[in-house]
Amino acid sequence: MTVLPIRTSRASGAGHPIHPLLAERFSPRAFAPTAIRIDELRSMFAAAAWAPSAFNGQPWRFLVGIRGDSTWEAILGSLDRDNRRWAGGAPVLVLNVARVTWNGSAVSTATYDLGQAVAHLTIQALADGIHVHQMSGFEPEHLVDFFDFPAEFTPVTVMAVGRLGDPEGLPQDLRVREVAPRERVPMSTLVFSSTFGKAAPWISDTSI
Ligand SMILES: Cc1cc2nc3c(=O)[nH]c(=O)nc-3n(C[C@H](O)[C@H](O)[C@H](O)COP(=O)(O)O)c2cc1C
């Protein structure tokens, strides 16, 4: 599949302009040690809380670790080796949890809803100059034991939260990735009208 590099700001708005917050968002690995204020955290989680969800079920839960506390340490300790190389630089680490069963039945949209809440949180954070890097590379069992989860809840992702740091502080291979252009597949491979796989007529390959 062709991958188009994006070169203007963090994302191109050349063909289909998008909001500057969406264009500027990316998943950094270099974080500044600056603490995130409590009012900023409150706004982030309020944004998540106002996300839509199936039947307004709001199946998301968040365990927030602030550097120096036991939640932050536990989340860091659950990360895989690659993520642990950089995520310890983040002043806040969050475990994102979904309620995947309700009254004994599986909730098929729970992780979808959680992801949407995290997307809202991410953009609210960026409006306050704070970046979010989501991760699936962690050991959920480690955290289920640590936090003693109720059975209907399951850890889904972790996120590192903080202000941008200096990429020079990263190991060489991660520094290269930090400043590389973001890439996306062409819009023509994503958006169809009458035939699956055939680009909608109003989509152009050069406009991502
Ligand atoms: C569900 C999910 C899991 C991810 N897991 C990891 C991870 O374990 N480690 C990592 O470095 N990045 C992880 N990422 C970040 C993606 O690699 C990143 O979003 C993608 O490469 C696009 O880059 P961008 O966010 O800068 O646009 C994850 C993102 C999502 C949404």
Side-chain angles (χ1 to χ4, degrees), residues 3 5-11 20-38 40-41 43-45 47-48 60-98 111 114-147 154-185:
V3 175
I6 298 172
R7 298 189 195 285
T8 60
S9 80
R10 291 286 175 179
L21 284 176
L22 298 169
E24 289 300 325
R25 187 210 61 78
F26 77 116
S27 302
R29 291 182 174 81
F31 286 98
T34 324
I36 304 302
R37 298 195 315 265
I38 296 303
E40 293 170 329
L41 287 176
S43 294
M44 286 168 48
F45 291 103
W60 43 72
R61 302 290 184 274
F62 305 98
L63 286 122
V64 183
I66 297 176
R67 186 198 301 283
D69 71 19
S70 60
T71 297
W72 188 94
E73 295 288 348
I75 295 172
L76 184 67
S78 77
L79 298 180
D80 69 20
R81 209 170 40 165
D82 280 349
N83 288 330
R84 224 180 296 174
R85 292 177 69 208
W86 56 268
V92 175
L93 293 172
V94 182
L95 175 62
N96 302 322
V97 178
T111 55
L114 172 66
Q116 189 151 217
V118 171
H120 279 221
L121 174 155
T122 298
I123 298 305
Q124 175 64 43
L126 201 52
D128 291 328
I130 298 164
H131 277 75
V132 173
H133 191 144
Q134 301 173 56
M135 289 166 268
S136 54
F138 75 108
E139 187 54 67
E141 285 73 29
H142 177 92
L143 297 173
V144 168
D145 291 344
F146 185 85
F147 293 117
T154 193
V156 179
T157 48
V158 164
M159 57 192 176
V161 177
R163 292 199 155 74
L164 285 186
D166 184 355
E168 290 302 313
L170 291 170
Q172 163 69 12
D173 58 327
L174 298 184
R175 195 184 320 147
V176 169
R177 289 168 69 181
E178 191 80 350
V179 296
R182 293 166 71 212
E183 297 184 333
R184 289 297 187 269
V185 298

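Just so you know, these numbers use all the heavy atoms, side chains as well, and skip hydrogens, waters and symmetry mates. Position 1 is the first residue of the sequence; numbering continues from there.
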- Query: Who passes side chain to side chain contact (heavy atoms under 4.5 Å, CB included) against I123, sequence neighbours left out?
  - Reply: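 Result, side chain to side chain contact (heavy atoms under 4.5 Å, CB included) vs I123: L21, L22, R25.
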- Task: May I ask you to test the L41-I66 pair for a side-chain heavy-atom distance under 4.5 Å?
- Result: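 Yes, side chains in contact.
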- Query: Is there a side-chain contact between N96 and F62 (heavy atoms, below 4.5 Å)?
  - Reply: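 Yes, side chains in contact.
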- Query: Taking only residues at least two apart or on different chains, which pairs with a member in residues 159-171 satisfy side chain to side chain donor-acceptor pair (under 3.5 Å)?
  - Reply: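 Counting only pairs at least two positions apart or across chains, the side chain to side chain donor-acceptor pair (under 3.5 Å) contacts touching residues 159-171 are E40-R163.
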- What is the distance from atom CZ of R182 to atom OG of S27, rounded to the nearest 0.5 Å?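 With rounding to 0.5 Å, CZ (R182) is 7.5 Å from OG (S27).
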Please give me the minimum heavy-atom distance between [X] and [Y], naming the atom from each residue.
X	Y	value
L63	I75	O-CD1, 3.7 Å
L143	A74	CD2-O, 3.5 Å
F31	P91	CB-CD, 4.5 Å
L93	A90	CD2-CB, 4.2 Å
A125	V132	CB-CG2, 4.1 Å

- Task: Scan for ring pair (Phe, Tyr, Trp, His ring centres under 6.0 Å) pairs involving residues 72-92, sequence neighbours excluded, and state none if there are none.
- Result: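 The answer is W86-H133.
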- Set of residues satisfying ring pair (Phe, Tyr, Trp, His ring centres under 6.0 Å) with respect to F147, sequence neighbours excluded: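 None.
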- Taking everything shown except R84 itself, do over 12 heavy atoms lie less than 6.0 Å from its CZ?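 Yes, the 6.0 Å shell around CZ holds more than 12 heavy atoms from other groups.
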- side chain to side chain donor-acceptor pair (under 3.5 Å) partners for E141, two or more places apart: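 Counting only residues at least two positions away or on another chain, E141 forms no side chain to side chain donor-acceptor pair (under 3.5 Å).
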- Query: Quick one: does E178's side chain have a donor or acceptor within less than 3.5 Å of a partner on A30's backbone?
  - Reply: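 Here the side-chain-to-backbone pair exists.
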- Query: Counting distance only, does the side-chain N/O of R67 pair as donor-acceptor with the main-chain N or O of G88 below 3.5 Å?
  - Reply: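 Here the side-chain-to-backbone pair exists.
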- Could you pull out all residues at least two apart from D173 that satisfy salt bridge (Lys or Arg N to Asp or Glu O under 4.0 Å)?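 With neighbours one apart ignored, the set is R85.
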- Show your working on side-chain contact (heavy atoms from CB on, under 4.5 Å) between L95 and F146 and close with a plain yes or no. CA-CA 12 Å; L95 175 62; F146 185 85; over 6 Å; no
